[in-house]
Amino acid sequence: MFCTFARLIKTESVMAKYKEYKGLNFQEIDKEILKFWKDKDVFNKSVDQRPHDNQFIFYEGPPSANGKPGIHHVFGRAIKDMVCRYQTMQGKRVERKGGWDTHGLPVELKVEKELGITKEDIGTKITVEEYNQQCRTTVLEFVDQWNDITEKMGYWVDLDNPYITFDNKYIESVWNILGNLYTKGLIYKGYTIQPYSPGAGTGLSSHELNLPGCYKDVKDTTMVAQFKLVRNDKSEFIYEGLGDEDVHFLAWTTTPWTLPSNTALAVGHKIDYVMVKTYNPYTKKKVNLILAENLLSQWFTDEQLAMDFDSFDPENDKLIPCKVTAKFKGKDFELLDYEQLMPYHQPKDGIAFKVILGDFVSTEDGTGIVHIAPSFGADDMAVAKKYGIGSLTLVDKQGKFIDGMGEFSNRYVKNYKDDPNWENIDVDISVHLKLANKAFNIKKHVHSYPHCWRTDKPILYYPLDSWFVKTTAMQDKLIAKNKTINWHPEHTGTGRFGKWLENLQDWNLSRSRFWGIPLPIWRTEDGKEEIFIDSVEKLSSEIEKSIKAGFMTDNPYSKGYDKIDLHKPYIDRVFLVSESGKKMTREADLIDVWFDSGSMPAAQLHYPFENQDKFKTHFPADFISEGVDQTRGWFFTLHAIATMAFDSVAYKNVISTGLVLDKKGEKMSKRKGNVVDPFMTIEKYGADPTRWYMIASSPPWENLKFDLSGIEETTRKFFITLYNTYSFFALYANLDNFDYSQAEVPLEERAEIDKWIISLLNTLKKEVKQDFNAYNLTPALRKIQSFVYDHLSNWYVRLNRRRFWKGDLSKDKLSAYQTMFEVLFTISKLMAPAAPFFGEWLYQNLNEVANKEEFESVHLSLYPEIKEAAIDSDLEQRMEYAQKISSLVLSLRKRQKLRVRQPLQKILLPILDEKFSNQVEKVKDLILHEVNVKEIEYVTDTAGIIKKRIKPNFKTLGRRMGKQMKEAAAVIGKFTQADIESLEKSGKYDLKLGDDNFELTLEDFIITAEDIPGWTVASDGNLTVALDISLTEDLKAEGLARELVNRIQNLRKSSDFDVVDRIKVKLESNDFVKEAVEKYGDYIKVETLADEIVLVDSLDSETIELNDNVSTKIDIERS
RNA sequence: AGUCCCGUAGCUCAGCUGGUUAGAGCACUACACUGAUAAUGUAGGGGUCGGCGGUUCAAGUCCGCCCGGGACUACCA
C-alpha cells in the first residue's frame, strides 16, 4: 500500500511503477498523508522555506477551547487553510500562529456550573484565587479535541506556540495598547445606564447585546398607571369645572417593576392631550384622565364615547361611558407636580414627581405620557438630568428590590434564580395599584426585549460606573479606514459593518467579574489622581515607590514573567502612591474580553516589549476570515484597536463566512438533534471531500445547508473520477514502463487532442489563479471540478483510451502519457489548497516515479506556471464543436435506433462560413472515431439545399432602431430563403420603416442553418447536423465485426484473462459471420489480441446474439 | 420598527455590463454501453425566474411596492 514516499532511486534495471490501488480509501490516505507530513515536518518547512521578505500575513482568530469544536469550525478553517496554502504555493511565507481566547464570562459561568456555585459565593465559599485557578484549567478543557480536529481536517496552524490571552506577556501587551489609547485621551470613566445582567452579575457591552438571539419576544404584564395631579396654583387651570374631583395622568409601562422608582412623567411639547371623564374599570370610581388625543381610540371605543354619561350605573353596567371634557398642549403641563405613585423611598439627588417635556415622546403607542425612572432607562436618565430630577434605584445588583418596600422588599424583579415558586412581581404590583385606584388598564403584551446571551435572562438597564473607550471620537477615521478594506462579500463591509460604524457608541470596557485582564488604572479615593500602568516594569517601579511610602511591604511583581500573575486577586493587593502621596487603589473592573482578542496583532508578539521589527512586517494582516457573527465582534475590535492605536487597518482582506445550517436550512442545535459531528463526518467521508464540498457548493458567505449526500456526490463526481483517471493512467503507464525519463515530445508535435487539453489546462491555471487572488474560492473549485469531470475524464480519456492500450511506446503514445501526466500533475497542485490530502497523494504518486520536481511535498511546491503560448482559443473552440457535433450525431443514432458499433457512411454538415469548416476539418478524425462514421460531407449553400434561419442581431440593432426594433424584427422574420441569399451576396440590406431608412449589414443579422431538406437533422444552438443512415453490405459486415470484438472482449473479461494475454478464437460459422471475418478478420485480431480466428461448423458453447438477425457461438482460449 | 441579504426545475446551485427557446448537477423514467465500472452515453418529464406595478424596442437581470425566509440594528414607554 501507501507506506512511504521516499523517492525511489532509479537504476538502469529497476523501473519504478506508479502505485496501483484496489479502491479509493480516504481513511487510509488521510492517515498516511498525516504521518508523512509529520515525519517530514512539512508544515514547518512550508513556512521556513519561504523568504522573510515575501510575506502573506494571516491572523488566526482565537477560538475558546472551553467548548467542543463543531462542523462550522471545519467550514471556517477550510477557507482559511485554503487561502494560506494557496499563498504558500505562490511563494509567500505564511506564518500561522494559533491562539486561544481564554477569558470572559462563558468560562466563568461554566466554572460556576461545574462547582455548583453562584457569583455571590466567590470570595466566601471559594477564594478568588481558587476560582481563577479553576477558570485557567477549565478554559483549555477541550484543547485536545481542538488539536485533534485541527490535525484531522488538515488545518495547518502553529499550535505548538499559540498565543494565549491569559498569559502575562499577552496581558502586558494589552495594557500597553490600552495605555496608548489612554495617552490619547480616549479612555474615560462615566456613570451611565447600561445593559446589565443580574444573572451574570455584570454589565454587557453593546456587542454582547447584539449577539444573535439576544432580542426575544416576551409576553409581559403591562399596565397603564394613574398618576394623581397635585392641585395647586400651577395646576388650577386644569380643574376648571371639575369641582373637587381628582385628575390623573395616564402612563403606560411594560415594566411595572420600575414604577416604585418613578420620579417624573414626560409629555411631548407639541402633542395634543385631552382630559376624559370616566370611571376606573376596576374600582368604578369616577375619574378624570389625561392622555394624548391621538391615542384616545387605543383605550376607549367609539361606543364608549357615545354613551350617555349620566345614566351609567356603576354597579350593573358593563360598558363604561366616557367623555372628553378638555384639551391641552403638552407644554401646558411642564413642571406640574403629581403625587408619588408608590411612596416607599424618596430621591436624594434632586427634585422629583414633576411633569417634564421630552422629544422622544411619541403617540405611536401607550398614552403619550411616559413614565420616567432615571435609574432604569438611558433616555430617562438623560431627560432627568436636564431637569435636575432625582432618581430612585430601588433594585440591587442581584436584581431584587431593596429593603423598605413593604410587601415587595427583597423580591426579584425577574426570575433570575429559576425559582419554581417565583411569583411575577409585575402582576403583584399591578394588583396592588389596582386596589389603590391607581391602575387604569392591565394587560399582557408581547414585545421584544434584550436577554443576556449567557444566562438567557432578561437584562435590566441599570446605572453603573464604567470605563469607556471613546470610539466615537475616532468615528470618521474608522469609517474612512473601513472603506479601504476588501470585504467578501462586499455588502458586509458597506452594509452591516459600515452601518455599525455610522451608529457607533462608545465602547464600554468594564466588566465586574473575576477572570479577565484587570483594568490597570489606580486611583486615589477621591478620584482626583490616577495612574495608568502600561507595563510590568512600570508596575514594579511604582510598587517600589509605594513601599517607600509605606503602602506596601514587598514587591511581588519584580520576579520575571513566569513567576508573577497579573490576574485578580493578586493585582488587587497592589496599592500605589499618588504624586501627592496618597494611597491609590486599582479600579475594580476587568477589561471586556473582546479587547483581548482585538489586541491580538500586537499582543501575540508581546509587542512592544519584544519583536518590534517583526510587528512592523506582520501588521496589518493581508487576510482574515471568521463567521459573520464576528462583524461586531472580532472584526470590529481588531479594526477599532488598529485604527485608534496604530492609525492603520488591521486587515486588508476579509471573508465573513455564513452559518452552517442543517440540510433543511435550520440552525443546528442540540435540542433539535440535528448537529453534525465533525469527527464522525471526517472519519466517514474523509477530510478532503468534506472540505471540498463545503467550499464548492456555495460561496463561503452564504449560509451552507450542510447535507451529507452532498459530500457523497462530491466524492463520486470529483474524487472518484479523478482517482479512476489516475488509475487508468497508472495501469497503462506501468505496462509501457512510462516514467517520464523519455525526452519530452514538443507540444506542436503532439496530437490535436493533447494540445487541446493542455490549452484548457493552462486556461484553467490562469482562471483558478485569478479566482484565488480575488478570494472567489467557490468558482475556482467548480472550474477544477468541471475540468476534471467534463473535459479530462469524459472527453480526453474516453477518446484516447485506445491510444494507451495499443501497440508499443510510440511517439504518439508517449505524448499521450506525457500529456496525461502533466494534466494530473497540475491538477494535484491546483486542488492541493482545498484538498490537501488527495492533492498530496496524487502529487506523490506521480512525482515518486517521474521525479519531475525536487519538492518533498505538493505543499512545498509552487503554483504551476501558466504557459500562455499553449492556450489556443481556436483549438478550444473547435473541440467544443467536436463535442457538440458528436453529441448531435449520437442523438441522431439514438433516434434511428442505430447502435454506435454499427459504422455509418457519412455526416452531413451545413457550412455557412469557411472558418467553421476549417475548424471542423481539424477535429474531423476525433468526431468520426467517436461516432463511428466514415466521413464528413460539408454541405455548402451554393447547392441551395440548406434551409436557413435568420434573426435580427438585437445587440447591434437594438441601440440603433430603438422603438422601431419590434417592427424591424417582424420584417426580418418574414425573410424568404431568397431574401437571405441576396443579403448574403450583397452583404447589406436597406430596411425601410415608414419614412426611415436603415442600412443594415451582415453583422446586424444572425443566420443559421436550420435544416437540410430530405435529411433527419439535429441541432444545438447554431450547429446543425444530418446523418446518412443507409447501410451497405460492407458497413454491415464491419458492424458485425465490431459486435464480435465486443463479445470476445466480454468473454476475455469473464474468463479472467489478463489484458495482455494473447488468445485463440473459435467461431461457429454462418454467412454473416463468415463475411465479417473475411473482410475484418485482421481488425478483430488486433482488437482482441487474437493470434488466430478459426471458423468451425458447430461449437458447444452458449449462443450469443450479435444483432437482431445474427447470432453465433464463441469459444476462446489462451494461445 | 428600521437596515442589509436571499427567493430561478422536487433538491443544490449557475445565469457577466438588460438582447430573444432560462442552464448544470442530483433525483426520477426509458433505452444503450460495458478494456475507466463506487462508471458512462442518449432521450424524456419537470419553470407564470416569489407577487404586482413601472422604466425600456427588449427585464430572471434595472426601479418601486408587497409577500416569504434569514441576518443585523434598536432607549424605545
Side-chain angles (χ1 to χ4, degrees), chain A residues 23-24 193 195 206 209-210 212 215 222 251-255 258 266 358 360-362 364-373 376-382 447-448 450 461 489 491-492 494-496 498-500 503 628-629 631-632 658-659 661 663 665 667 697-699 701-703 705 707 709-710 712-713 715-717 720-721 723-729 731 778-779 782 786 789-790 793-794 797-798 801-802 804-805 886-887 890-895 897 899-901 951-959 961-969 1021 1046 1049-1050 1052-1053 1059 1087-1088:
Chain A
L24 179 53
I193 305 301
S206 46
L209 208 57
N210 293 333
Y215 278 82
T222 68
W252 182 52
T253 179
T254 54
T255 52
T258 59
F360 54 87
V361 179
S362 75
E364 269 164 37
D365 49 17
T367 61
I369 302 173
V370 179
H371 138 66
I372 301 291
F376 303 114
D379 267 349
D380 302 40
M381 172 62 94
H447 63 140
S448 106
Y461 288 92
H491 61 77
T492 301
T494 53
R496 190 177 290 197
K499 292 266 156 65
W500 165 256
N503 298 314
V628 260
D629 49 331
T631 310
R632 273 84 183 199
L659 305 171
L661 307 169
K663 64 177 171 188
K667 257 187 183 159
S697 69
S698 67
W701 41 85
E702 303 279 347
N703 290 346
K705 289 180 195 165
D707 188 356
S709 66
E712 284 166 16
E713 190 182 326
T715 306
R716 251 185 305 121
K717 299 238 82 154
I720 288 180
T721 306
Y723 163 81
N724 283 338
T725 306
Y726 167 77
S727 300
F728 175 84
F729 167 80
L731 176 68
T778 303
R782 285 180 180 168
S786 137
Y789 189 75
D790 297 326
S793 172
N794 287 336
V797 174
R798 196 154 60 83
R801 273 178 290 189
R802 45 179 52 245
F804 292 97
W805 74 62
S886 300
S887 167
L890 289 174
S891 84
L892 282 170
R893 273 184 171 277
K894 173 76 191 169
R895 242 186 281 168
K897 293 200 164 57
R899 46 180 56 176
V900 182
R901 274 197 292 269
K951 249 184 351 190
N953 183 350
F954 285 91
K955 220 162 191 171
T956 63
L957 279 178
R959 219 158 280 142
M961 317 274 308
K963 286 194 186 196
Q964 285 157 301
M965 188 64 231
K966 247 180 198 165
E967 223 179 314
N1046 167 255
Q1049 300 289 28
N1050 287 348
R1052 285 184 61 114
K1053 206 179 175 191
V1059 276
E1087 289 295 312
T1088 61

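In the text below, chain A, chain B and the rest are named by the order of the sequence lines, each starting its count at 1. Values in this document were obtained by computation on a predicted structure and should not be read as measured data.
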Atom-to-atom span, [atom1] of [X] to [atom2] of [N] - whole angstrom:
X: A:Gln1049; N: B:U37; atom1: CD; atom2: P; answer: 15 Å
X: A:Ile193; N: B:C76; atom1: CD1; atom2: C1'; answer: 15 Å
X: A:Glu712; N: B:G25; atom1: CD; atom2: C1'; answer: 15 Å
X: A:His491; N: B:C72; atom1: NE2; atom2: C1'; answer: 12 Å
X: A:Leu659; N: B:G69; atom1: CG; atom2: C1'; answer: 13 Å
X: A:Arg893; N: B:C31; atom1: CZ; atom2: C1'; answer: 15 Å
X: A:Lys963; N: B:A58; atom1: NZ; atom2: P; answer: 9 Å
X: A:Leu890; N: B:C31; atom1: CG; atom2: C1'; answer: 14 Å

Look at the side chain of [X] and decide which nucleotide, out of [options], has an atom nearest to it.
X: A:Lys499; options: B:G35, B:C76, B:U3; answer: B:U3
X: A:Trp500; options: B:A74, B:U40, B:G19; answer: B:A74
X: A:Lys955; options: B:G19, B:U42, B:A36; answer: B:G19
X: A:Asn724; options: B:A71, B:C33, B:A39; answer: B:A39
X: A:Asn794; options: B:C57, B:A36, B:U42; answer: B:A36
X: A:Arg716; options: B:C33, B:A39, B:C4; answer: B:A39
X: A:Arg798; options: B:A71, B:A77, B:A36; answer: B:A36
X: A:Ser698; options: B:C13, B:A71, B:A36; answer: B:C13
X: A:Trp252; options: B:A14, B:A36, B:A77; answer: B:A77
X: A:Met965; options: B:C31, B:C33, B:C57; answer: B:C57

Span that lies between the [atom1] atom of [M] and that of [N], in whole angstrom:
N: B:G50; M: B:U8; atom1: P; answer: 6 Å
N: B:G7; M: B:G47; atom1: C1'; answer: 14 Å
N: B:A59; M: B:A22; atom1: P; answer: 14 Å
N: B:U61; M: B:C16; atom1: C1'; answer: 10 Å
N: B:U17; M: B:A58; atom1: C1'; answer: 16 Å
N: B:A39; M: B:A32; atom1: C1'; answer: 14 Å
N: B:G25; M: B:A14; atom1: C1'; answer: 10 Å
N: B:U40; M: B:G35; atom1: P; answer: 16 Å

Any side-chain heavy atom of [X] within less than 4.5 Å of one from [Y]?
X: A:Thr492; Y: A:Trp701; value: no
X: A:Asp380; Y: A:Ile193; value: no
X: A:Met965; Y: A:Pro952; value: yes

Report yes if at least one side-chain N or O of [X] is closer than 4.0 Å to OP1 or OP2 of [N]; otherwise report no.
X: A:Thr721; N: B:A36; answer: no
X: A:Arg496; N: B:U73; answer: no
X: A:Lys717; N: B:C26; answer: yes
X: A:Tyr723; N: B:A39; answer: no
X: A:Tyr461; N: B:C76; answer: yes

Using the rule given for side chain to side chain contact (heavy atoms under 4.5 Å, CB included), can you reason through A:Val797 versus A:Phe728, listing the C-alpha separation, both sets of side-chain angles and the distance that settles it, and then say yes or no?
CA-CA 9 Å; A:Val797 174; A:Phe728 175 84; 3.9 Å; yes
For the side chain of A:Lys894 and the base of B:C31, is some donor closer than 3.5 Å to an acceptor across the two?
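Answer yes: a donor N or O sits under 3.5 Å from an acceptor.
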May I ask you to verify whether the side chain of A:Thr367 and the base of B:A77 hold a donor-acceptor pair under 3.5 Å?
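No, the side chain and the base share no sub-3.5 Å donor-acceptor pair.
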Name the nucleic acid region contacted by [X], choosing base, sugar-phosphate or nothing; use a 4.0 angstrom heavy-atom cut-off, strictly under.
X: A:Tyr789; answer: sugar-phosphate
X: A:Ser887; answer: sugar-phosphate
X: A:Ser891; answer: sugar-phosphate
X: A:Leu957; answer: nothing
X: A:Lys897; answer: nothing
X: A:Glu713; answer: sugar-phosphate
X: A:Asn953; answer: nothing
X: A:Gly710; answer: nothing
X: A:Ile720; answer: base

Looking at [N], which nucleotide sits across from it as a Watson-Crick or G-U wobble partner, both distances under 3.5 angstrom, or is there none?
N: B:A32; value: B:U40
N: B:C49; value: none
N: B:U3; value: B:A71
N: B:C76; value: none
N: B:G18; value: none
N: B:G10; value: B:C26

Check: [X] side chain, [Y] main-chain N or O, donor-acceptor pair, under 3.5 Å:
X: A:Thr222; Y: A:Thr255; result: no
X: A:Arg496; Y: A:Arg632; result: no
X: A:Arg782; Y: A:Ser697; result: yes
X: A:Gln1049; Y: A:Glu1087; result: yes

Of A:Met961 and A:Lys705, the one whose closest RNA chain B nucleotide lies more 5'
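Looking at the nearest nucleotide for each, A:Lys705 comes out on the 5' side.
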Of A:Asp380 and A:Thr725, whose nearest nucleotide on RNA chain B comes first from the 5' end?
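On the 5' side of the pair lies A:Thr725.
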Value rounded to 0.5 Å, distance of CG in A:Asn794 from OG1 in A:Thr725
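Reported to 0.5 Å precision, the distance equals 8.5 Å.
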Determine, stepwise, if the pair A:Glu702 / A:Thr778 fulfils side chain to side chain contact (heavy atoms under 4.5 Å, CB included).
CA-CA 11 Å; A:Glu702 303 279 347; A:Thr778 303; over 6 Å; no
